[in-house]
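The next block holds one structure in the form of structure tokens; read it before the comments.
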There are 2 protein chains.
Amino acid sequence: MTKLPACILNSDVLTACEGCLARDRSNEHLIAGLTCAKRNMESGQHLFVGSDEQLHVYLIRSGAVCLYKMLRGGRRQIVAFKFAGDFIIPAANGPHRFSAQAMTAVELRVFPLALFRAAASGDARFMARLHEIAVAELCKAYDLISILGHHDAEASVAAFLLDVDGRAALHVGGAGAVILPMLRTDIADYLGLTHETVSRVLTSFKRKGLIDVGRGRTVRIKERATLAALVGKAESAVSSGAR
Amino acid sequence: MTKLPACILNSDVLTACEGCLARDRSNEHLIAGLTCAKRNMESGQHLFVGSDEQLHVYLIRSGAVCLYKMLRGGRRQIVAFKFAGDFIIPAANGPHRFSAQAMTAVELRVFPLALFRAAASGDARFMARLHEIAVAELCKAYDLISILGHHDAEASVAAFLLDVDGRAALHVGGAGAVILPMLRTDIADYLGLTHETVSRVLTSFKRKGLIDVGRGRTVRIKERATLAALVGKAESAVSSGAR
DNA sequence: CGCTGAATTGACAATTCTCAATAGACGTGG
DNA sequence: CCACGTCTATTGAGAATTGTCAATTCAGCG
């Protein structure tokens with residue numbers, strides 16, 4: 001079994017890959033046959049679009065990226081936000097299912113997909129890691145489904161704020177404030193709302209004293225419990241009884 | 001490498017597992033250490049609920065099952081329908097994230113989760129199959145996200161009809177009609193609508209001549225292209241331009 | 001300092017939800 | 001075989017939320 005970098009083997013890679021690739025300066029080999037290149041992109045640039053062939057695995061070192069799909073009527077559905085430490089791994093063969101756009105300046109590590117897969121197919125541990133990552137994405141997807149199914153703007157935005165707040169990569173010093181790297185439009189396209197509605201809800205939260213909205217897209221959560229109540233911690237997978 | 005049953009190795013298992021387990025009568029060993037039991041359940045019964053420990057992998061031989069989660073306000077979000085040939089595989093450790101309820105009489109094959117995982121962890125091919133299944137579920141989840149993001153009842157119902165129509169397991173003889181094994185309420189809880197809205201949309205489709213709604217929850221699609229247009233085959237992952 | 005894109009706020013329209021009543025299907029039992 | 005009861009589906013009317021369109025304020029940047 002080949003030697004795998006910690007960033008691939010560790011269970012918590014999705015949120016923290018510091019220390020592992022931090023050591024790789026100038027494209028040194030991480031494991032036999034699996035190298036990564038550095039790439040930097042500016043805000044607004046696309047890593048790839050839906051029609052592109054899938055050729056790479058991306059690891060985000062810093063910044064924020066969104067994965068989206070264009071829907072009928074010009075509507076855009078963002079299916080995931082990716083932050084520092086997150087992987088973007090093509091799921092199947094063929095063209096990309098999504099487009100990936102940098103929402104801020106982004107620092108990337110890029111692995112050739114073919115090599116990545118070759119390394120995985122020969123190694124059950126690596127394969128298991130990939131599976132683990134896919135499962136984590138699946139859980140995220142189900143969370144988003146729950147949010148979209150709510151049909152409740154306040155609950156959606158509250159869930160979004162709590163989710164983002166849980167990502168260490170986005171915190172700024174001191175008062176526990178979070179930088180929202182995305183536009184109101186991006187939040188709206190993620191939650192299935194309009195940017196006006198997102199704005200209204202945030203203003204409403206601010207007025208109720210649940211959050212502080214500061215300069216530079218900074219948000220600080222003041223009443224976490226109240227937000228959680230809005231989301232409905234009553235959310236439960238338990239049956240409410242046979243039908 | 002152990003000998004694996006075709007139902008696990010084949011790529012198209014999610015929709016068709018006939019012929020593989022058809023041969024296993026009375027719990028014979030399928031591969032070393034991996035046996036399955038038969039179980040039958042009636043409509044309305046739960047395979048498991050969200051608080052249960054995850055102990056089994058299920059393969060549906062016949063019938064229909066839904067996976068759901070209860071949301072705040074008593075709202076129920078169905079995250080997936082499972083039909084004949086589909087697996088229900090616990091993703092992570094801990095309790096179930098969802099409840100699973102039989103929507104019709106169901107014939108099941110039940111594998112002990114521990115044995116299933118043991119077989120997988122030692123076998124890169126098996127692991128790869130599991131990954132493949134998870135990825136397929138992920139794609140389904142993203143499809144549902146796209147539907148829920150639409151915020152358009154007609155598009156949602158049209159997408160649902162076309163999706164269900166694509167599942168061979170649900171077709172009845174002759175005129176290409178499909179049996180919808182689920183209630184209007186189930187469809188609504190899947191699409192983030194109310195059963196009244198689902199009913200209204202179906203009636204509207206019927207009046208427009210897009211579908212026939214027959215006896216016994218039978219639906220026949222007459223104007224596939226029109227329904228597809230409603231969904232918006234314009235759906236695309238291609239960027240509409242840099243921002 | 002002014003320009004440009006983003007965010008906020010307002011007024012109104014549209015869709016869906018809620019509540020309610022009716023009609024239909026299915027199974028049971030007389 | 002029909003009547004009844006129950007569950008499901010349909011239909012209707014009104015309420016509520018969000019979307020749409022438009023105008024204004026704000027922030028960042030040259």
Side-chain angles (χ1 to χ4, degrees), chain A residues 42-44 71-77 101 103-105 147-158 160 179-208 211-219 230 241-243, chain B residues 42-44 71-77 101 103-105 147-158 160 179-208 211-219 230 241-243:
Chain A
E42 293 165 26
S43 177
L71 304 179
R72 165 194 170 76
R75 180 161 181 65
R76 181 181 68 148
Q77 179 65 51
Q101 186 176 28
M103 294 185 297
T104 65
I147 290 174
L148 291 170
H150 262 129
H151 274 266
D152 179 327
E154 293 209 335
S156 298
V157 175
F160 171 78
I179 295 178
L180 299 184
M182 65 291 286
L183 307 177
R184 296 286 184 268
T185 299
D186 297 325
I187 300 174
D189 287 347
Y190 180 66
L191 300 176
L193 301 169
T194 60
H195 64 96
E196 293 97 330
T197 299
V198 171
S199 185
R200 274 186 256 269
V201 171
L202 287 176
T203 302
S204 155
F205 284 174
K206 191 166 53 178
R207 266 203 274 270
K208 290 177 189 165
I211 60 173
D212 274 342
V213 180
R215 300 270 160 275
R217 284 177 188 161
T218 278
V219 170
L230 278 174
R243 74 181 182 195
Chain B
E42 292 165 25
S43 177
L71 303 178
R72 165 194 170 77
R75 179 158 181 65
R76 182 180 69 148
Q77 179 64 51
Q101 186 175 29
M103 293 184 297
T104 66
I147 290 175
L148 292 171
H150 263 128
H151 274 267
D152 179 326
E154 293 208 336
S156 297
V157 175
F160 172 77
I179 295 178
L180 299 184
M182 65 291 284
L183 307 177
R184 297 287 184 269
T185 299
D186 297 326
I187 301 175
D189 287 347
Y190 181 65
L191 300 176
L193 301 169
T194 60
H195 65 97
E196 292 97 330
T197 300
V198 171
S199 184
R200 275 186 255 268
V201 171
L202 287 175
T203 303
S204 157
F205 285 173
K206 190 167 52 179
R207 267 202 274 268
K208 291 178 190 166
I211 60 173
D212 274 343
V213 180
R215 301 269 160 275
R217 284 176 189 160
T218 278
V219 170
L230 278 173
R243 75 179 182 197

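Numbered from 1 within each chain, the chains take letters A, B, ... in sequence-line order.
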Contact between A/I147 and A/F160 at the side-chain level, heavy atoms closer than 4.5 Å - yes or no?
no
Can you find a heavy atom in the side chain of B/D189 that is under 4.5 Å from one in the side chain of B/R75?
yes
Nearest-0.5 Å distance that lies between atom OG1 in A/T104 and atom CD1 in A/I179:
10.0 Å
To the nearest Å, give me how far apart CZ (B/R215) and P (D/dT8) are.
18 Å
Flag side-chain contact, heavy atom, 4.5 Å: A/L71 against B/H150:
yes
Rounded to the Å, how far apart are A/E42 CD and D/dC29 P?
13 Å
Hey, does B/S199 reach any base, or is it just sugar-phosphate, or nothing, if we go heavy atoms under 4.0 Å?
base
What is the separation between atom CZ on A/R184 and atom P on D/dT25, rounded to the nearest whole Å?
19 Å
Can you find a side chain N or O atom of A/T203 that sits less than 4.0 Å from OP1 or OP2 on C/dT9?
yes
Is any side-chain heavy atom of A/T218 less than 4.5 Å from a side-chain heavy atom of A/V213?
no
Go along nucleotides 12-22 of chain C 5' to 3' and tag each nucleotide: B for a protein heavy atom under 4.0 Å from its base, S when only backbone or sugar atoms are that close, - otherwise.
----SSBB---
Is there a side-chain contact between A/V157 and A/L202, using heavy atoms and a 4.5 Å cut-off?
yes
Can you tell if the side chain of A/R76 reaches within under 4.5 Å of the side chain of A/T185, non-hydrogen atoms only?
yes
What I want to find out is whether B/R200 reaches B/E154 closely enough, with some N-O distance under 4.0 Å, to be called a salt bridge.
no
Separation of A/M103 atom CE from C/dA6 atom P, in whole Å?
14 Å
Could you tell me the separation between the CG atom of A/L202 and the C1' atom of C/dA7, rounded to a whole number of Å?
10 Å
B/D189 CG to D/dT8 P, straight-line distance once rounded to whole Å
13 Å
Please report the distance, rounded to the nearest Å, between CZ in A/F205 and C1' in C/dA7.
17 Å
Would you mind reading off the bend of the helix from C/dC1-D/dG30 to C/dG30-D/dC1 from its two end axes, five pairs each, to 10 degrees?
30°
Can you check whether A/R217 has a side-chain N or O nearer than 4.0 Å to OP1 or OP2 of C/dA6?
no
Rounded to whole Å, please give me the gap between CG in A/L191 and P in D/dG19.
10 Å
Mind checking the CG-CD spacing from B/D186 to B/Q101? Nearest 0.5 Å is all I need.
7.5 Å
